[in-house]
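Before any comments, here is the structure.
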Protein chains: 2
Amino acid sequence: MTDSEEKPIEFGAESSVPKAVVNRLSLYLRELQHLIRDGRETTSSTFLGARLGLTDAQVRKDLAYFGQFGHPGIGYRCPELVQEIRRILGTHRQWRVAIVGLGNLGTALVGHRGFSEQGFRVVAAFDTDLTKVDRKIHETPIYHIDRLPQIVQEEEIKLGIIAVPAASAQIVADALVSAGVEGLLNFAPVTISVPEGVSIVGVDLAIELEQLSFNVVNRQ
Amino acid sequence: MTDSEEKPIEFGAESSVPKAVVNRLSLYLRELQHLIRDGRETTSSTFLGARLGLTDAQVRKDLAYFGQFGHPGIGYRCPELVQEIRRILGTHRQWRVAIVGLGNLGTALVGHRGFSEQGFRVVAAFDTDLTKVDRKIHETPIYHIDRLPQIVQEEEIKLGIIAVPAASAQIVADALVSAGVEGLLNFAPVTISVPEGVSIVGVDLAIELEQLSFNVVNRQ
DNA sequence: TAGATTGTTAATCGATTAACAATC
DNA sequence: TAGATTGTTAATCGATTAACAATC
């Protein structure tokens, strides 16, 4: 935030990929995994797109940002494309994750199936409530928040999930970042700032319902 | 999905508002609510935008889709703009909501503070598990899923939250729609189809972590 | 070979930003 | 009045779609 006046002209080289493309990549991955379970070996951009309400051109263009994964005349081999997308997203390896805040939502997230299925392993949970500390939920040990710096380092935790009230979200974010976490998933209904080099994704469940409300009222 | 070949040329008239604009509207609302709590009476497009990493022009343009809410030379009066945005989103009134599926996530969502704070009232929860049925969580009665059609109608439920496994998500969606629900918030990691006139918003928590993973790997 | 389907270029469409007269 | 800030138009930028040669 200090000496940045000029655009980073050559830097990551990859920053040309639109956010929307990366989001669709996750949808392709999910759909491909369903196709594989249904016993399909290959698929086409037209078929894959139709399942998601997208054009065939968009599917091909999205994938073309990252390489050539298809076979002209044949389409995409499902397991092959799954592997490629997981590599692109970085979920071909396991991520070690911490959850901070064991209220309703945080507690639910510790045991969330979808996380482990996609390569995210919740290895630690933190709270201030002494009655929760030193127990386990779904195999995951619960620590007092004071031990966050220590545990994050020892357990080599790289991602943090913030599930505390809005009022403490920024403080928790700062603590996680100081401890060495590189990415945050924030469920608190507040905008959080992080230093450059740290990533943040926000999910506000009430906002999702608001979007739905708008769509219903405007019949969309 | 059957006889649709031509585009709906004149229909809702409102379908010219980009999805991204509506999403930012929710962010403006959230930020304004924080400003009010901090005792601020007015704000400017520059200030509001800065808090969200947006330009002043974008804030003004977004709001201009819906009307003229600002005061030249002064800015926006916070409580006034909050009211306007809530009216636009449809959250100035209470929505009656049902949750289907009382696993980890569904159970957490029944008591989710953020929902009630923004005008969403969870008035019924459904599950197949007989040990859960006929109890209450956080004041909300739990019914057997067989009673869904009856309760949705009696309770005038207009929104449904799907928190069941992927395998049963489409069936639950169909049941909710048949019963008269007009909007669905889907947490199951699967693409769901709904008839025209019904809205659906999907939230896949694993996908959110995947997006974070991509950002971390590509330092964004 | 004929049919299917890719990757990619060019054309189109839509969203964001910059600029500024109008207003308080 | 001078300074601040809006709403809106025009210019810019970026994303999506269409088209098609290359490939299996």
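The model shown is predicted, which means the values in this text are computed figures rather than measured ones. Per chain, numbering begins at 1; letters A, B, ... match sequence-line order.
A heavy atom lying under 4.0 Å from DNA chain C marks none of the residues of residues 26-45 of chain B.
Protein atom CG of Leu48(A) is 12 Å distant from nucleotide atom P of dG7(C), rounded to whole Å. Atoms CG (Asn23(B)) and P (dT16(C)) sit 11 Å apart, rounded to a whole Å. Here dT8(D) presents its C1' atom at 9 Å from CD of Gln68(B), a figure rounded to the nearest Å. Between Lys19(B) atom NZ and dA15(C) atom P there is a gap of 12 Å when expressed in whole angstrom units. Look at CG on Asp62(B): it is 10 Å from C1' on dA15(C), rounded to the nearest Å. Atoms CG (Leu63(A)) and P (dT16(D)) sit 13 Å apart, rounded to a whole Å. Distance CG (Asp56(B)) to C1' (dA4(D)): 12 Å, rounded to an integer number of Å. In this structure, Tyr65(B) places its OH atom 13 Å from P of dT8(D), rounding to the nearest Å.
A donor-acceptor contact under 3.5 angstrom links the side chains of Glu80(A) and His71(A), judged on distance only. When only modelled atom types and interatomic distance are considered, Glu182(B) and Ser199(B) share no side-chain donor-acceptor pair under 3.5 Å. For the residue pair Gln58(B)/Asp62(B), the side-chain donor-acceptor check at 3.5 Å is not satisfied. At a cut-off of 3.5 Å, with distance as the only test, no side-chain donor of Glu210(B) or Thr91(A) sits close to an acceptor on the other residue.
The backbone N or O of Val122(A) sits less than 3.5 Å from a side-chain atom of Thr140(A), completing a donor-acceptor pair.
Proximity note for Lys61(A) (side chain, C-beta onward) versus dT8(D), dT17(D), dT6(D): the nearest is dT17(D). Picking from dT6(D), dA15(C), dT9(C) the nucleotide with the shortest atom distance to the side chain of Pro18(B) gives dA15(C).
Aromatic ring orientation, Phe120(A) versus Phe115(A): perpendicular (interplanar angle above 60°, classes split at 30° and 60°).
Leu48(A) and Thr43(A) make their closest contact through N-OG1, 4.0 Å (heavy atoms, listed as atom of the first residue, atom of the second, distance). Nearest approach of Thr191(A) to Glu31(B), heavy atoms of both residues: OG1-OE1, 2.9 Å.
A salt bridge does not link Arg96(A) to Glu156(A): none of the charged nitrogens lies less than 4.0 Å from a carboxylate oxygen.
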*Once each nucleotide of nucleotides 19-24 of chain D is scored for protein heavy atoms under 4.0 Å, what B/S/- sequence comes out, 5' to 3'?*
B---BB

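In this structure, Gln58(A) does not reach the dA18(D) phosphate: none of its side-chain N or O atoms is under 4.0 Å from OP1 or OP2. Residue Tyr76(A) places at least one side-chain N or O closer than 4.0 Å to OP1 or OP2 of dG7(C).
When each of Val203(A), Leu184(A), Val100(A), Ile99(A) is tested with Ile162(A) by the rule side chain to side chain contact (heavy atoms under 4.5 Å, CB included), just one qualifies, namely Leu184(A). If you run side chain to side chain contact (heavy atoms under 4.5 Å, CB included) between Tyr28(B) and each of Val59(B), Leu81(B), Val82(B), only Val59(B) comes through.
Using a 4.0 Å heavy-atom criterion, one finds that Phe69(A) contacts the sugar-phosphate atoms exclusively.
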*Starting at the 5' end of DNA chain C, what dot-bracket string do you get if Watson-Crick and G-U pairs under 3.5 Å are bracketed, crossing pairs use [ ], other-strand pairs use | and unpaired bases use dots?*
..||||||||||||||||||||||

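Taking the centre and axis of the six-membered ring of Phe47(A), the NZ or CZ atom of Arg40(A) falls inside the cone set by 45° and 6.0 Å.
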